[in-house]
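In what follows, every chain begins at residue 1, and chains take the letters A, B, ... in the order their sequences are listed. Computed from heavy atoms alone, side chains included, the values below leave out hydrogens, waters and symmetry copies. Computed from a predicted structure; not experimentally measured.
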Amino acid sequence: DTEVTQTPKHLVMGMTNKKSLKCEQHMGHRAMYWYKQKAKKPPELMFVYSYEKLSINESVPSRFSPECPNSSLLNLHLHALQPEDSALYLCASSPGPFREYEQYFGPGTRLTVT
Amino acid sequence: EDKVVQSPLSLVVHEGDTVTLNCSYEVTNFRSLLWYKQEKKAPTFLFMLTSSGIEKKSGRLSSILDKKELFSILNITATQTGDSAVYLCAVVYGGATNKLIFGTGTLLAVQP
């Protein structure tokens, strides 16, 4: 298995909803990442988990809450989002030490906040 | 301010042409530079460069890093329509914890 999967592919939620995005990889990678990408802009790093511990949090608002239940799974819990949070949310994984940013991306979840 | 700048912003070529994409950076404690190709969906990893002057090559694509002049180039020879995509450069930098920022990308369109 050489891919990163993300569910759902599309998500529409209201500003009062609570939802979660899920990311999974079975390549034995030890680092996983969440990115946010707006249209015609490059991805912006949100969180990095290394060996299942949060190592980087790029000053992301608390309405985004990451979770790494095990080395294969990464979740992003969403609560009280704003319309400007609408974007493509990308998950990535990388092998680990010395190859931290040789990242493999999932297809993304297209999020629309109404 | 740490930044990564790519040029040109967009480029239109014909099949068979050779293109050179540029990425320059200004960051503190540079660690590595990465190139990605993004078509309709997620970026796909192309190269990671950490040392100056060592060319990385994969088929018709090659890349090199100049840590003295703070830039990298991505060359694509004998372009094909399937090379049409946004090419993203990203730089990993930082001290105790790594940071990563992407450039704005170069949109390449290869016409038949």
Side-chain angles (χ1 to χ4, degrees), chain A residues 2-10 21 23-25 27 29-51 53-60 74 87-110, chain B residues 1-10 21-25 27 29-51 56 58 63 65 72 74 85-109:
Chain A
T2 57
E3 64 173 5
V4 177
T5 59
Q6 288 187 245
T7 54
K9 290 184 181 177
H10 300 275
L21 309 184
C23 173
E24 194 165 2
Q25 58 88 14
M27 295 180 278
H29 288 177
R30 303 317 303 264
M32 296 183 78
Y33 311 77
W34 280 116
Y35 288 87
K36 173 183 177 181
Q37 186 173 27
K38 302 280 270 185
K40 299 190 179 179
K41 297 284 186 183
E44 296 173 38
L45 184 63
M46 298 174 73
F47 302 105
V48 180
Y49 272 84
S50 181
Y51 291 88
K53 291 196 173 143
L54 183 64
S55 63
I56 295 179
N57 175 344
E58 292 286 1
S59 302
V60 178
L74 185 66
L88 179 67
Y89 287 84
L90 292 164
C91 172
S93 69
S94 65
F98 305 110
R99 297 171 68 187
E100 292 96 338
Y101 286 94
E102 185 182 319
Q103 295 179 32
Y104 296 82
F105 282 83
T109 293
R110 176 75 59 190
Chain B
E1 181 190 347
D2 300 309
K3 61 181 180 181
V4 177
V5 178
Q6 290 186 245
S7 62
L9 289 179
S10 64
L21 310 183
N22 301 288
C23 175
S24 62
Y25 60 90
V27 299
N29 294 324
F30 170 90
R31 296 177 74 91
S32 59
L33 185 145
L34 307 113
W35 283 99
Y36 290 88
K37 176 183 181 183
Q38 186 170 25
E39 296 173 86
K40 288 186 179 176
K41 290 191 175 177
T44 52
F45 173 80
L46 296 175
F47 300 112
M48 183 167 81
L49 303 153
T50 53
S51 302
K56 294 250 177 141
S58 175
S63 184
L65 173 67
S72 173
L74 175 69
V86 174
Y87 289 84
L88 293 163
C89 165
V91 171
V92 182
Y93 66 102
T97 55
N98 287 338
K99 294 180 181 287
L100 176 146
I101 50 172
F102 278 87
T104 48
T106 293
L107 175 60
L108 174 65

K.L.:
Taking atom NZ of A:K38 as the centre, does the number of heavy atoms from other residues, nucleotides or ligands within less than 6.0 Å exceed 12?
P.N.:
yes
K.L.:
Nearest 0.5 Å please: distance from the CG atom of B:L9 over to the NZ atom of A:K40.
P.N.:
12.5 Å
K.L.:
With a 4.5 angstrom heavy-atom cut-off, is it the side chain or the backbone of B:Y36 that approaches chain A, or both, or neither?
P.N.:
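When you check distances to chain A, only side chain atoms of B:Y36 fall under 4.5 Å.
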K.L.:
Can you list the steps and then say if A:E44 with B:L100 is a side chain to side chain contact (heavy atoms under 4.5 Å, CB included)?
P.N.:
CA-CA 9 Å; A:E44 296 173 38; B:L100 176 146; over 6 Å; no
K.L.:
Do the side chains of A:P42 and B:I101 get nearer than 4.5 Å, heavy atoms only?
P.N.:
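Not touching, per the 4.5 Å side-chain cut-off.
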K.L.:
Measure centre to centre between the rings of A:F105 and B:F45, then say whether the value is under 6.0 Å.
P.N.:
no
K.L.:
For the residue pair A:P107 and B:A42, what are the closest heavy atoms and their distance?
P.N.:
CA-CB, 4.1 Å
